[in-house]
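Working notes, beginning with the structure itself.
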Amino acid sequence: MDPERVRAVYEHLFAAYGPQHWWPADSAFEVMVGAVLTQNTAWTNVERALQRLAERIPLRAESILELPHAELADALRSAGYFNVKARRLRSFCDGYLEAGGLEGLSALATPHLRRQLLGMHGVGPETADDMLLYAFGRPVFVVDAYTRRVFARLGLIEHETGYETLRAAFEDALGPDADLFNEYHALIVRHGKARCRKRPDCPGCCLRSICPAGGA
DNA sequence: TACCAGGAGAAAA
DNA sequence: TTTTCTCATGGT
């Protein structure tokens, strides 16, 4: 990808939406829990689930593991896929504690830490990269469905390009900059939410001046 | 009413 | 190995 165009997209998005202050959480562990719960789910639904969970137990791996499955699933109900996510969250907490918690994981170099996270049940590429960037501050670019949609429409990528290829392309174009990646991904999500998907030629799109189709 | 949301894993082909 | 199916609530 052309680094200048990738930068230009960022500048347009930042000018339109301003700083997003991601990730909305009080601790690194809460970021990781939120990353599992937000899989294919609107954040507003995740917030309710996090609140319900925090009303019942302290937001710690040990406390989550002490909850029976039915109780955990019930607390997560509003986030959707609650049975699946209850299992994934328990597996994640197991792996988290086995790895020595936040301290143990933080001691790992980024490639090793990424492999460690990906080895946990329920943690796929995007979730692992959410954790790496927003919980550990590592310079890893998060690719999601919005990223594909926006950049494919801009003609900068093929929609079907694999996750790792896209991640590497963004990281190569921008250089290792965790603060930039943090803001960029948040802005892409903000833009994706704001756009009306029923109007692909949206005249109000902040990217229309750099989009061959007139909007992204 | 139908569609989508800050995906991942299992099952089927 | 690649594609398809399943998981589910809440907002628009």
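The shown structure was predicted, so the numbers you read here are calculated from the model rather than taken from an experiment. Below, read A as the first sequence line, B as the second, and so on, with proteins coming before strands; counting in each chain starts at 1.
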Are there any protein N/O atoms within less than 3.5 Å of an N/O atom in nucleotides 9-13 of chain B, and if so, which ones and at what distance?
| from | atom 1 | to | atom 2 | distance (Å) |
| --- | --- | --- | --- | --- |
| B:dG9 | OP1 | A:Gly122 | N | 2.6 |
| B:dG9 | OP1 | A:Val123 | N | 3.4 |

Donor-acceptor pair, [X] side chain versus [Y] backbone, under 3.5 Å?
X	Y	result
A:Glu183	A:Gln20	yes
A:Arg56	A:Leu53	no
A:Tyr134	A:Asn182	yes
A:Thr147	A:Asp144	yes
A:Arg148	A:His159	yes
A:Gln116	A:His112	no

Which residues within [range] lie with some heavy atom under 4.0 Å of an atom in DNA chain B?
range	result
residues 19-27 of chain A	A:Trp22, A:Trp23
residues 161-180 of chain A	none
residues 40-55 of chain A	A:Asn40, A:Thr41, A:Ala42, A:Trp43

Q. Among side-chain atoms of A:Asp94 and A:His121, is any donor-acceptor pair under 3.5 angstrom?
A. no
Tell me the interatomic distance from [X], atom [atom1], to [N], atom [atom2], rounded to whole angstroms.
X	N	atom1	atom2	result
A:Asp144	B:dA5	CG	P	10 Å
A:Arg148	B:dA5	CZ	P	14 Å
A:Leu117	B:dG7	CG	C1'	16 Å
A:Arg87	B:dG7	CZ	C1'	15 Å
A:Phe82	C:dA8	CZ	P	5 Å
A:Tyr81	C:dA8	OH	P	9 Å
A:Arg77	C:dC7	CZ	C1'	13 Å

Q: Under 4.5 Å between side-chain heavy atoms, chaining through other members, with only Ile, Leu, Val, Met, Phe, Trp and Tyr counted: pull out the rest of the cluster around A:Val84, sorted by chain and number.
A: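 Under the 4.5 Å side-chain rule, A:Val84 groups with A:Tyr81.
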Q.
Under 4.0 Å, heavy atoms only, any strand: does A:Asn83 hit a base, just the sugar-phosphate, or nothing?
A. sugar-phosphate
Q.
OP1 or OP2 of B:dA5 versus the side-chain N and O atoms of A:Arg149: is any pair under 4.0 Å?
A. yes
Q | Any A:Thr127 side-chain nitrogen or oxygen under 4.0 Å from OP1 or OP2 of B:dA8 | A |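 For A:Thr127, the contact criterion (side-chain N or O under 4.0 Å from OP1 or OP2 of B:dA8) is met.
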Q: Kindly indicate whether the side chain of A:Ser78, heavy atoms from C-beta on, has any atom under 4.5 Å from the side chain of A:Glu47.
A: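 Not touching, per the 4.5 Å side-chain cut-off.
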Q. Is there side-chain contact between A:Leu76 and A:Asn83, with at least one heavy-atom pair below 4.5 Å?
A. no
Q. Does the cation-pi check pass for A:Arg77 over A:Phe82, that is, NZ or CZ under 6.0 Å from the six-membered ring centre and within 45° of its axis?
A. yes
Q | Close aromatic pair by centroid cut-off 6.0 Å: A:Phe170 and A:Phe151 | A |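 So the answer is yes for these two rings.
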**Q.** Those residues that, when tested against A:Thr127, pass side-chain contact (heavy atoms from CB on, under 4.5 Å) (two or more places apart)
**A.** A:Ala35, A:Val36, A:Gln39, A:Val123, A:Met131
